[in-house]
Amino acid sequence: MLHEATTTIQGVLKDVTGIEDVQLTDGGEHADLATTVAFALAKEKKQEPVQVAKELAALLATKPELQNLGVTVETKGPYINFRFGSAYVSEAIQAAVKPGYGSLPKNPTRVVLEHTSANPNGPLHVGHIRNSIIGDTLARAFRKAGFRLEVQYYVNDMGRQIAIVVWGFDNLDSTRHEGEKEDAHIARVYIAANRELEKDPAITRQIDNLMQLVEGGDPATVKKFRKEVSRCLDGFAVTLKNLNVIHERFVWESDFIRNGDTRRIIGRIKKLPQVKEEGTLALDLTKCGFEKEYVIMRSDGTSVYGARDLAYHAWKAANFDRIIDVLGADHKLIGGQLICTLRLLGEKAPEIIHFEFVSLPEGSMSTRTGKFVSADDLITEVTRRACEEVTIRRPELDETTRRSIAKSVALAAIRYDIVKVSPEKSTVFNWKEALDFERQSGPYIQYAHARACSILEKAGAYTDWYELETEQEIALAKQIAKFPATIEKVISELRPHLLATYARELADTFNTFYHFEPVLKSQGKVRERRLTLVKAVQNTLQESLETLGIDAIRTM
RNA sequence: GGGCUUGUGGCUUAGCUUGGACAUAGCGCCGGGCUUCUAACCCGGAUGUCGGGGGUUCAAAUCCCCCCAGGCCCGCCA
């Protein structure tokens, strides 16, 4: 809706001004869309901007494209303002009441999206799930935008960390505690092993040996690595399911050793003019602005992470049209090196979304030292708090229903709290905010949706009526009309937090409407058009919430 | 030391890519609203040198330069 109207206005502006790409801005309270093109034209024509705007607006008003859309043009000083008419509003509502509103036409582009990919040496913590939630929300937006998408988790199953875990299981007391979750068990052994390693650095040699054995394919060692990594992934699966995060495929790093892909890509790297073979195998990437050389192979002949990651990305490039990775900001340098190397090899490079770190008030999180808040603990605590809240608000409901609502509310609180912040901001984890279910939260948006559901349920049968009248009705409809353009923007800019902002603003607008415009108590056409509008907002909120990976519950 | 990045009312945060109309909203604070469609809500009020300083421009939170502060990175770890 908004997208089409914007394109039409831009087209007309281009015809009239001759300027190729006239930017339209949100008009705020002045208009639905606005342009400041008069400033630039004024300079060219050596006239006053106000005068130029006036003349331009008069000319624009005669254009049939705008008249057909019902767009009115006016000026306020040098600003040219466009306001959409009733046709725009009623068309928006007609579209918005239909299931699947906001979906974009099918797109044949095959996209692979990698996210989370945490090392399997301990449970997912609140830093890791920032990755999961950004990635999963983006994945949902891509699906909604019609793309063919596969979501992958890259399992780093042969890193040093895993060797340390395996060493711990071989050499330390590592019996699993009663009821201990697998990933928590792995972390406990990993932390203990690191303590030993600190006391006795000679253990490093045993770790190196394990790494050589696993890369060489020693069956007993490979089996041990696989066993512990699998157990950790079983733990992750529970956490990810609770967070409503979905991966289509888990891709194991070691597979790229076993199937020969790593060897082959190293062969190709050796032929590059930038290669440096001096004990290690490395690349000179000064061409891309990197001073440090990029090491691919150790002097003992084993590959480093970068080599396997190159093999993985070459495989993705061969099977998909677009590659998107969600990675922590600590991967910025190696991400750049990876892209540079893939380009040198003539391969498609990934688009990487980096997000900044989540730390604790007392400092950075660290699996190695056991300083972290696990995602499981977060889920448990937020769910407990949600249960209390539901019990206070809805004592008449049975326990099963209350628990079910609390679970959805907790998920909403966690996912929304994380996705609403721009990825480039580093954050400090805060229990008070995590446990807040009020404004600017997921539950707030769920509540607006449940409220709309409640009205519709009490309304009974009505006939759709798309002609709106009052200021509040029209404001709400215009907000609803922005949804498809928001999905489009999320995927073109790879910024899922825009959807979080949108959904919250839609809930705000609806709540204001709710308090000023009675629906069920109004009569005749007014009642019908308001019910139609409530249906449209309910559906748009539902589609928004689902794209955010949050349950659009009907009562709470 | 070098690179990347962030800095917006007491706290959290949008806007910055694409410069324009009084800088967005929440928490907290002050005042008001539940016999009325779900108050996880709404309405009103106070609170800002948009880190600091230069520059570009008719116009800068937004672009450029310098400085300050925080985060991340600079490994034959991943």
Side-chain angles (χ1 to χ4, degrees), chain A residues 21 23-31 34-36 38-39 42-43 49 76-79 81 117-119 121 156 158-163 208 211 253 279-282 289-292 295-306 308-309 328-334 336 354 356-357 359 364 386 389-390 392-394 409 413 420-422 424-428 430 432-433 436-448 450-459 493 495 497-498 500-501 504-505 507-508 511-512 514-522 530-531 534 555-556:
Chain A
D21 189 26
Q23 289 300 322
L24 288 171
T25 56
D26 188 273
E29 65 196 62
H30 305 284
T35 175
T36 58
F39 287 103
K43 203 163 214 187
K76 181 146 190 190
Y79 301 94
N81 294 327
S117 301
N119 277 322
N121 58 354
N156 304 125
M158 50 186 303
R160 189 161 209 95
Q161 284 89 335
I162 310 309
D208 288 343
M211 289 175 73
E253 183 182 7
T280 62
L281 178 76
F290 300 118
E291 300 209 352
K292 289 270 175 183
V295 176
I296 306 292
M297 228 160 68
R298 301 187 184 93
S299 51
D300 68 359
T302 56
S303 59
V304 299
Y305 166 84
R308 279 108 60 181
D309 206 21
D330 54 335
H331 284 62
K332 274 188 184 171
L333 176 59
I334 59 154
H354 290 288
E356 287 288 342
F357 270 45
S359 58
S364 323
E389 202 62 34
V390 176
I392 293 166
R393 290 164 191 276
R394 304 295 300 277
V409 166
K420 73 178 179 187
V421 182
S422 319
E424 64 271 17
K425 302 247 190 197
S426 52
T427 63
V428 177
N430 179 330
K432 187 172 172 284
E433 278 168 32
D436 181 11
F437 304 146
E438 300 198 335
R439 298 202 52 164
Q440 300 207 339
S441 76
Y444 168 79
I445 301 163
Q446 284 180 309
Y447 189 76
R451 179 177 259 173
C453 287
S454 170
I455 293 173
L456 292 169
E457 201 165 299
K458 290 196 173 127
E493 298 186 11
R495 282 147 62 86
H497 85 280
L498 298 174
T501 305
R504 196 208 77 224
E505 285 174 351
D508 286 343
N511 280 330
T512 302
Y514 173 88
H515 284 277
F516 288 100
E517 311 277 32
V519 179
L520 295 177
K521 275 179 288 183
S522 53
R530 287 187 184 163
L531 279 168
V534 171
T555 183
M556 62 191 281

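Letters A, B, ... are given to chains in the order of the sequence lines, protein chains preceding strands, and every chain is numbered from 1. Please read these numbers as outputs of a predicted model, since none were measured by experiment.
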Tell me: [atom1] of [X] to [atom2] of [N], nearest whole Å?
X: Asp330(A); N: G3(B); atom1: CG; atom2: C1'; result: 15 Å
X: Gln23(A); N: U18(B); atom1: CD; atom2: P; result: 9 Å
X: Glu424(A); N: U12(B); atom1: CD; atom2: C1'; result: 15 Å
X: Asp309(A); N: A78(B); atom1: CG; atom2: C1'; result: 10 Å
X: Arg504(A); N: U24(B); atom1: CZ; atom2: P; result: 13 Å
X: Arg495(A); N: G15(B); atom1: CZ; atom2: C1'; result: 10 Å
X: Asp208(A); N: C76(B); atom1: CG; atom2: P; result: 13 Å
X: Tyr305(A); N: C76(B); atom1: OH; atom2: P; result: 16 Å

Which is true for [X] with a 4.0 Å heavy-atom rule: it touches a base, it touches only sugar-phosphate, or it touches nothing?
X: Met556(A); result: base
X: Val428(A); result: nothing
X: Lys432(A); result: sugar-phosphate
X: Ala450(A); result: base
X: Ile162(A); result: nothing
X: Val534(A); result: nothing
X: Glu517(A); result: base
X: Val295(A); result: sugar-phosphate

How far, in whole Å, is [M] from [N] if one measures between their [atom1] atoms?
N: C11(B); M: C74(B); atom1: P; result: 32 Å
N: A14(B); M: G51(B); atom1: P; result: 13 Å
N: G10(B); M: C29(B); atom1: C1'; result: 10 Å
N: A25(B); M: U47(B); atom1: P; result: 15 Å
N: A60(B); M: G15(B); atom1: C1'; result: 13 Å
N: A61(B); M: C22(B); atom1: C1'; result: 15 Å
N: A39(B); M: A23(B); atom1: C1'; result: 30 Å
N: U8(B); M: U13(B); atom1: C1'; result: 9 Å

Where the side chain of [X] is concerned, which of [options] is the nearest nucleotide?
X: Thr280(A); options: U5(B), U18(B), C76(B); value: C76(B)
X: His497(A); options: C76(B), G26(B), G15(B); value: G15(B)
X: Thr427(A); options: U13(B), C37(B), C74(B); value: U13(B)
X: Leu333(A); options: C4(B), C73(B), C42(B); value: C73(B)
X: Thr512(A); options: U13(B), C42(B), U18(B); value: C42(B)
X: Asn156(A); options: G26(B), A78(B), C22(B); value: A78(B)
X: Arg308(A); options: A78(B), C42(B), U17(B); value: A78(B)
X: Gln440(A); options: C4(B), A25(B), C42(B); value: A25(B)
X: Glu356(A); options: C41(B), C72(B), U6(B); value: C72(B)
X: Lys458(A); options: C37(B), A21(B), A78(B); value: C37(B)

* No-H, no-angle donor-acceptor pair, Ser299(A) side chain to C76(B) base, under 3.5 Å ->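 Under the 3.5 Å cut-off, the side chain and the base do form a donor-acceptor pair.
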* Asked: For the base of A21(B), is there a side-chain donor-acceptor partner from Asn81(A) under 3.5 Å away?
  ->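 In this structure, the two groups form a donor-acceptor pair.
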Any side-chain N or O of [X] less than 4.0 Å from the OP1 or OP2 oxygen of [N]?
X: Lys425(A); N: U13(B); answer: no
X: Thr302(A); N: C76(B); answer: no
X: Arg160(A); N: C76(B); answer: no
X: Tyr514(A); N: A39(B); answer: yes
X: Arg298(A); N: C77(B); answer: yes
X: Arg439(A); N: A39(B); answer: no
X: Lys292(A); N: G75(B); answer: yes

Let me confirm one number: the [atom1]-[atom2] distance from [X] to [Y], rounded to the nearest 0.5 Å.
X: Thr427(A); Y: Glu433(A); atom1: OG1; atom2: CD; result: 9.0 Å
X: Glu356(A); Y: Lys425(A); atom1: CD; atom2: NZ; result: 11.0 Å
X: Met556(A); Y: Cys453(A); atom1: CE; atom2: SG; result: 11.0 Å
X: Asp508(A); Y: Arg439(A); atom1: CG; atom2: CZ; result: 5.0 Å
X: Ser303(A); Y: Asp309(A); atom1: OG; atom2: CG; result: 11.0 Å

Using purine N1 to pyrimidine N3 plus N6-O4 or O6-N4 for Watson-Crick, or N1-O2 and O6-N3 for G-U wobble, both under 3.5 Å, which nucleotide pairs with [N]?
N: U56(B); result: none
N: A23(B); result: none
N: G7(B); result: C68(B)

* Asked: Want to settle it: does Phe39(A) or Ala386(A) sit nearer the 5' end of RNA chain B, counting the closest nucleotide to each?
  ->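 The residue whose closest nucleotide sits nearer the 5' end is Phe39(A).
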* To do: Find which nucleotide of RNA chain B each of Gly306(A) and Lys332(A) is nearest to by heavy atoms, and output the residue with the more 5' nucleotide.
  =>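 Upstream on the strand: Lys332(A).
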* Modelled atom types, side-chain donor and acceptor of Asn156(A) and Arg308(A), under 3.5 Å ->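 Result is no, nothing qualifies.
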* Ser454(A) pairs by side chain to side chain contact (heavy atoms under 4.5 Å, CB included) with which of Arg451(A), Glu457(A), Lys458(A)? ->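 Single pass found, and it is Lys458(A).
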* Asked: Can any side-chain N or O of Arg298(A) pair as donor or acceptor with the backbone N or O of Thr280(A) at less than 3.5 Å?
  ->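 Not confirmed, Arg298(A) side chain does not pair with Thr280(A) backbone.
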* Asked: With no hydrogens and no angle check, is any side-chain donor or acceptor of Lys76(A) less than 3.5 Å from a backbone partner on His30(A)?
  ->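 Absent.
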* Asked: Taking only residues two or more places apart in sequence or in another chain, which ones pass salt bridge (charged side-chain N to carboxylate O under 4.0 Å, His left out) with Asp208(A)?
  ->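 Counting only residues at least two positions away or on another chain, Asp208(A) forms a salt bridge (charged side-chain N to carboxylate O under 4.0 Å, His left out) with Arg160(A).
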